[in-house]
A.B. asks: 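Structure below; questions to follow.
Just so it is clear, the structure is predicted and the values come from calculations on it, not from any experiment.
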Amino acid sequence: MSKNINLNLPEFSQLTIKEVKAFTSELEVDAELPEIIEILNQDSRKGVQKIAARLQRKITKKDAVIKKWEQMNKVEAELYSQGFQVVVGLDEAGRGPLAGPVVAAAVVLGTDAKIYGLDDSKKLSRKRREKIFSKIKAEAKFGVGQATSSEIDKYNIREATFAAMKRAVKDLLPKLDQQPDILLVDGNAVIPGLTVEQKSIIDGDAKVNAIAAASIIAKVTRDNIIFKYAEEYPQYNFKSNKGYGTAEHIAALEKHGSSPIHRKSFGRVPE
């Protein structure tokens, strides 16, 4: 009984299960939550005990997210411990689609930004991506670059991707107090033509926080670009396929031919 008073909580035994559920639905994971769970578990009602179990799962999930962030922070933490001061994560979105640009992002999280939930953007739901996208924008420094479908056709997708990454770095530079010390690039190759130190990391968007942040910025930015094209070229249903070669998209190409944003150098795209 005294625990309820000390925590300034209602007397749960006097509340209906619906009222307990309403009260606990917005509780955040903090130092008091385990004690609240203990109180609820002492209630004989099965419905209240189920609520306690749900809150316990919330703690477990939060612990897992923190653990994942710490695991993905090891590369950056090691670099900072070696004296690196500006560590940049780089990734792209849109290498595979038949239409639209390839978009790259360069992100500096620094030593203070703890943005939990970072991961390979493809593993996140659209809602989750956009929520984390907003956090990155608020708490980190980033730059964005893109290469158009025409540039992809002119050079090839690999070279166009490198061009987009260079533009992302260029966009980032004015927002920094000093030059980058190292670029962590997702994939198996570094960006040619840059003098700054680089390290390529295969599956980096699932292993390194700064690269994961870059993958989310690139993905959400590209999605927003392609959604605008969806309004201009509704016959291809870009809002659904985002330019990728789905059966529906291929059928639309066969019926309508290609648009100005299609990659003519890609095999399934007609001239």
A.B. asks: Between the side chain of N188 and the main-chain N/O of I202, is any donor-acceptor distance below 3.5 Å?
C.D. replies: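 No: the side chain of N188 does not pair with the backbone of I202.
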A.B. asks: Below 3.5 Å, can you tabulate the donor-acceptor pairs from side chains in residues 239-246 to any protein atom, sequence neighbours excluded?
C.D. replies:
| residue | atom | partner | partner atom | Å |
| --- | --- | --- | --- | --- |
| N241 | OD1 | G243 | N | 2.7 |
| N241 | ND2 | Y236 | O | 2.7 |
| N241 | ND2 | N237 | O | 3.1 |
| K242 | NZ | D223 | OD2 | 3.4 |
| T246 | OG1 | H249 | N | 3.1 |

A.B. asks: To which residues is V87 joined in a hydrophobic cluster, defined by side-chain heavy-atom contacts under 4.5 Å among Ile, Leu, Val, Met, Phe, Trp and Tyr, whether direct or through other members?
C.D. replies: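 Once heavy-atom contacts under 4.5 Å are chained together, V87 belongs with V75, L79, Y80, F84, I182, L184, I201, V208, I211.
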A.B. asks: Under 6.0 Å from the CZ atom of F133, do we count more than 12 heavy atoms belonging to anything else shown?
C.D. replies: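 For F133, atom CZ is crowded (more than 12 foreign heavy atoms under 6.0 Å).
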A.B. asks: Could you check K135 against L118 for side chain to side chain contact (heavy atoms under 4.5 Å, CB included), going step by step and ending with a plain yes or no?
C.D. replies: CA-CA 10 Å; K135 288 184 178 180; L118 290 169; over 6 Å; no
A.B. asks: In terms of heavy-atom contacts, does NZ of K58 have more than 12 from other residues, nucleotides or ligands at under 6.0 Å?
C.D. replies: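 Yes - once you tally the heavy atoms of other residues, nucleotides and ligands closer than 6.0 Å, there are more than 12.
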A.B. asks: Given K74, which of E70, E78, Q71 fulfils the side-chain hydrogen bond (donor to acceptor under 3.5 Å, both in side chains) condition?
C.D. replies: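 Of the listed options, the one satisfying the test is Q71.
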A.B. asks: Could you go through E254 and I250, starting from their C-alpha distance and side-chain angles, then the distance that decides it, and tell me whether this counts as side chain to side chain contact (heavy atoms under 4.5 Å, CB included)?
C.D. replies: CA-CA 6 Å; E254 291 173 352; I250 298 299; 3.8 Å; yes
A.B. asks: Flag yes if more than 12 heavy atoms outside K264 fall under 6.0 Å of its NZ atom; otherwise flag no.
C.D. replies: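 For K264, atom NZ is crowded (more than 12 foreign heavy atoms under 6.0 Å).
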A.B. asks: Go through the steps for D205 and K123 under the test salt bridge (charged side-chain N to carboxylate O under 4.0 Å, His left out), then give the verdict.
C.D. replies: CA-CA 10 Å; D205 48 7; K123 297 179 180 179; over 6 Å; no
A.B. asks: Apply side chain to side chain contact (heavy atoms under 4.5 Å, CB included) to the pair N224 and K228, showing each step before the final yes or no.
C.D. replies: CA-CA 6 Å; N224 289 337; K228 290 180 180 179; 5.7 Å; no
A.B. asks: More than 12 non-hydrogen atoms from neighbouring residues, nucleotides or ligands closer than 6.0 Å to OH on Y155, yes or no?
C.D. replies: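 No.
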A.B. asks: Do T221 and Q146 come close enough that some side-chain heavy atom pair is under 4.5 Å?
C.D. replies: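 A side-chain contact is absent here, since even the closest heavy-atom pair is not under 4.5 Å.
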A.B. asks: Assign the ring pair H262 / F238 to parallel, tilted or perpendicular, where the plane angle (0 to 90°) is split at 30° and 60°.
C.D. replies: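 H262 and F238: tilted rings.
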A.B. asks: Does CG in D177 sit with more than 12 non-hydrogen atoms of other residues, nucleotides or ligands closer than 6.0 Å?
C.D. replies: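 It does not: D177 CG has 12 such atoms or fewer within range.
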A.B. asks: Can you find a heavy atom in the side chain of D43 that is under 4.5 Å from one in the side chain of I51?
C.D. replies: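 No, their side chains stay 4.5 Å or more apart.
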A.B. asks: Does atom NZ of K175 have more than 12 heavy-atom neighbours from other groups under 6.0 Å away?
C.D. replies: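 Above 12, so yes.
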A.B. asks: A105 and A218: which non-hydrogen atoms are nearest, and at how many Å?
C.D. replies: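 Shortest heavy-atom separation between A105 and A218 comes out as CB-N, 3.8 Å.
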A.B. asks: Suppose clustering is done on Ile, Leu, Val, Met, Phe, Trp and Tyr with side-chain heavy atoms closer than 4.5 Å. Which residues sit in the same group as V108?
C.D. replies: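 V86, V88, L90, F162, M165, V169, L172, L173, L176, L183, V185, I191, L194, V196, all in the cluster of V108.
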A.B. asks: Measure the shortest side-chain to side-chain distance between R222 and P97 over non-hydrogen atoms and say whether it is less than 4.5 angstrom.
C.D. replies: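 They are in side-chain contact.
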A.B. asks: Counting only heavy atoms from other residues, nucleotides and ligands, does the tally under 6.0 Å from CZ of R158 exceed 12?
C.D. replies: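 It does not: R158 CZ has 12 such atoms or fewer within range.
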A.B. asks: Would you confirm whether E76, through its side chain, and N209, through its main-chain N or O, come within 3.5 Å as a donor-acceptor pair?
C.D. replies: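 Pair found, side chain donor or acceptor close to backbone of N209.
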A.B. asks: Hey, mind stepping through Q56 and N41 against side chain to side chain contact (heavy atoms under 4.5 Å, CB included) and telling me if it holds?
C.D. replies: CA-CA 11 Å; Q56 184 60 56; N41 275 326; over 6 Å; no
